Amino acid sequence: MRTLFDEQLNLLHTSMVSMGTLCEDAIAMAAKALEEKDTALAEKVPALAGQIDRKEREIESLCMRLLLTQQPVASDLRVISAALKMVTDLERIGNQSADIAEIVQTRALLMSMRSDTVHDMALAVIKMVNDSIDAFLHANAEEAGAVIQYDDVVDRCFDTVKSELVDRLKSDASCREDVVDILMIAKYLERIGDHAVNVAKWALFSLTGEWEE
């Protein structure tokens, strides 16, 4: 019986890796579409978000089977419960990546509005998503804590983007629509960072049974 449980738990880990990878791909694709003004590439992001949605349902179903049929011990119960919570944050990451791509599709942002800081934010949140999943899979509390701390980098980038956009608006009021769109994209990236922090906190919960505020 335990052998079957271990096999299903391994499947859960594999599925979490797959979902995390899809999220990283969605963020990277949306960021590249923005940087290169590539609307065709942006059109592909919603399909990735759809795959993420399906992976969420798949993992939720697996977790429920584990809970209802395998009677997990306390440590395993924390892992399964954490995974159920984490997939919600990962699904939202997929949606927010699609939101970024939608702005690129509908607005075709000017290259003159390109912000290196936005690019840096995208790289930072991809790292956070990857490291938070890795912390869960390897039961690594130190790595989870590092993700939580790294959110400060994303927050500083967001503040920088806001300052850059205010300066740009002061010098050229005609670009206000582009300023709003870039600000929205930066906000979506900041939210993705927040979701990665939640994933890291659930990774810690799986180890300690306590939620980090």
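The shown structure was predicted, so the numbers you read here are calculated from the model rather than taken from an experiment.
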Output for pair (Leu183 CG, Tyr188 OH), nearest 0.5 Å, gives 11.0 Å
For Phe158, the ring-ring contact (aromatic ring centres under 6.0 Å, His included) test, sequence neighbours excluded, returns none
So Phe136 and Leu207, do their side chains get closer than 4.5 Å, heavy atoms only? no
To the nearest 0.5 Å, atom CG of Asp53 lies from atom CG of Asn95 at 5.5 Å
Are Ile80 and Leu62 in one and the same hydrophobic cluster, where Ile, Leu, Val, Met, Phe, Trp and Tyr link if side-chain heavy atoms are under 4.5 Å apart? yes
Would you mind reporting whether Ile93 and Ile27 have side-chain heavy atoms less than 4.5 Å apart? yes
task = Check the pair Val197 / Met128 against side-chain contact (heavy atoms from CB on, under 4.5 Å), numbers first and verdict last.
result = CA-CA 8 Å; Val197 166; Met128 290 175 69; 3.7 Å; yes
Problem set entry | Derivation and outcome, side-chain contact (heavy atoms from CB on, under 4.5 Å), residues Val87 and Glu60 | CA-CA 8 Å; Val87 293; Glu60 286 175 340; 4.1 Å; yes
Tabulate below the donor-acceptor pairs under 3.5 Å that side-chain atoms of residues 8-21 make, not counting sequence neighbours, or state none.
unit_1: Gln8; atom_1: OE1; unit_2: Gln70; atom_2: NE2; d: 3.4
unit_1: Asn10; atom_1: ND2; unit_2: Asp6; atom_2: O; d: 3.3
unit_1: Thr14; atom_1: OG1; unit_2: Asn10; atom_2: O; d: 3.0
unit_1: Ser15; atom_1: OG; unit_2: Leu11; atom_2: O; d: 2.9
unit_1: Ser15; atom_1: OG; unit_2: Glu58; atom_2: OE2; d: 3.4
unit_1: Thr21; atom_1: OG1; unit_2: Val17; atom_2: O; d: 2.9

Sub-4.5 Å side-chain heavy-atom contact between Ile133 and Val199:
yes
Tightest non-hydrogen contact, residues Ala30 and Ser97, listed as CB-O, 3.6 Å
In this structure, SG of Cys23 is separated from CG of Asn130 (nearest 0.5 Å) by 11.5 Å
Output for pair (Asp152 CG, Cys157 SG), nearest 0.5 Å, gives 11.0 Å
message = Are the side chains of Val161 and Leu189 in contact, using a 4.5 Å heavy-atom criterion?
response = no
Exercise. Would Glu190 and Lys187 pass as an ion pair if we require N to O under 4.0 Å?
Worked result: yes
Residues Phe205 and Trp211: closest non-hydrogen pair is CD1-N, 4.2 Å
Any heavy-atom pair between the side chains of Leu90 and His195 that's under 4.5 Å?
no
Taking atom types as modelled, is there a side-chain donor on Arg57 or Ser61 under 3.5 Å from an acceptor on the other? no
| request: For the pair Val179 and Val166, evaluate side-chain contact (heavy atoms from CB on, under 4.5 Å) and give the outcome as yes or no after the intermediate values. | output: CA-CA 8 Å; Val179 166; Val166 167; over 6 Å; no
| task | Salt-bridge test for Arg156 and Asp159: reply yes if a basic N is under 4.0 Å from a carboxylate O, no otherwise. | result | no
Those residues at least two apart in sequence (or on a different chain) that pass side chain to side chain donor-acceptor pair (under 3.5 Å) with Glu24 are none
Closest non-hydrogen atoms of Met184 and Ile103, given as atom of the first, atom of the second and distance, are CB-CD1, 4.0 Å
Margin query: Using only atom types and a distance under 3.5 Å, with no angle test, would you say the side chain of Arg92 pairs donor to acceptor with the backbone of Asp89?
Written below: no
In terms of heavy-atom contacts, Ala203 and Ala135 come closest through CB-C, 4.2 Å
One should read off an interatomic distance between Asp120 CG and Thr160 OG1, to the nearest 0.5 angstrom, of 9.5 Å
Heavy-atom closest pair (Pro46 atom, Ala98 atom, distance to 0.1 Å) is CA-CB, 4.4 Å
When every non-hydrogen atom of Ala82 is compared with those of Ser206, the smallest separation belongs to CB-CB, 3.9 Å
For the pair Leu67 and Leu84, evaluate side-chain contact (heavy atoms from CB on, under 4.5 Å) and give the outcome as yes or no after the intermediate values.
CA-CA 11 Å; Leu67 289 172; Leu84 274 171; 3.9 Å; yes
NZ or CZ of Lys127 within 45° of Tyr150 ring axis and under 6.0 Å
yes
Which of Glu56, Lys55, Met86 passes side-chain contact (heavy atoms from CB on, under 4.5 Å) with Glu91? Answer is Glu56
Worksheet item: Are Leu22 and Leu123 connected in a single hydrophobic cluster, I mean Ile/Leu/Val/Met/Phe/Trp/Tyr linked by side-chain heavy atoms less than 4.5 Å apart?
Response: no
SG of Cys63 to NZ of Lys85, rounded to nearest 0.5 Å, is 12.0 Å
